[in-house]
Amino acid sequence: MSSVATAGPSYRSAPGPLHTILLAGAVPLFLGALLNDIAYFKTYQIQWSNFASWLIAGGLLFGGLALLFALVNLFRAERKAGRPLMYVLLLLASWVLGLVNAFVHAKDAWAVMPAGLVLSVIVTLLACAAAWAGLDRRSGGVQ
């Protein structure tokens with residue numbers, strides 16, 4: 001007789017296709033903003049800061065919609081602690097710090113550095129961690 005054991009109850013409401021696209025779309029947008037901030041830090045060409053502002057706005061849009069889907073999935077899940085809650089908290093943290101980053105990038109271009117670069121690094125890492133947590137098979141992510 002064979003038996004299959006699982007590590008614990010899984011996240012019942014796995015991300016759907018649209019949720020997955022939104023979650024995976026936020027990461028390259030925030031990463032692009034980080035790369036533009038690095039280019040601005042090295043060259044001081046103001047257009048790099050403008051590009052970063054637009055990419056942050058796109059990342060906030062994608063991340064905000066993914067956060068909305070994640071909150072709905074969290075409310076529908078039977079088990080709300082552990083990975084599902086960590087996923088929502090990571091998304092929330094990346095969105096809030098991304099909004100602060102957008103406000104920093106709204107300043108005069110010379111006033112963006114170094115706070116904009118530091119926030120871009122943090123937001124990119126948080127977005128990557130949120131995507132990892134949301135798309136991980138153990139948390140009920142994409143199968």
*asked:* Among residues at least two apart in sequence or on other chains, which ones pass side-chain hydrogen bond (donor to acceptor under 3.5 Å, both in side chains) with N36?
replied: none
Between [X] and [Y], is there shared hydrophobic-cluster membership here, with clusters defined by ILVMFWY side-chain heavy atoms closer than 4.5 Å?
X	Y	value
L125	F41	yes
W95	L74	yes
V118	V121	no
M113	L119	no
M86	L135	yes

*Would you check, one step at a time, whether the test side chain to side chain contact (heavy atoms under 4.5 Å, CB included) holds for D37 with W48?*
CA-CA 7 Å; D37 279 342; W48 290 116; over 6 Å; no
_side chain to side chain contact (heavy atoms under 4.5 Å, CB included) for H19 and L65? Distances and angles first, verdict last._
CA-CA 8 Å; H19 183 176; L65 290 173; over 6 Å; no
Would you name the heavy atoms of [X] and [Y] that are closest together and state the gap between them?
X	Y	result
L91	L23	CD2-CD1, 3.9 Å
Y87	A70	CE2-CB, 3.5 Å
S94	A127	CB-N, 4.0 Å

Using atom types as modelled, flag every donor-acceptor pair under 3.5 Å from a side chain in residues 24-34 to any protein atom, sequence neighbours excluded.
none

_Spacing of L90 atom CG and C128 atom SG [to the nearest 0.5 Å]_ = 11.0 Å
What residues, two or more places apart in sequence or in another chain, satisfy side-chain contact (heavy atoms from CB on, under 4.5 Å) together with [X]?
X	result
I21	none
L92	L67, V96
A102	I56, L60

*ring-ring contact (aromatic ring centres under 6.0 Å, His included) partners for Y44, two or more places apart*: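 Checked Y44 against ring-ring contact (aromatic ring centres under 6.0 Å, His included); matches are Y40, W110.
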*Would you check if the side chain of S53 reaches a backbone N or O of S49 as a donor-acceptor pair within less than 3.5 Å?*
yes
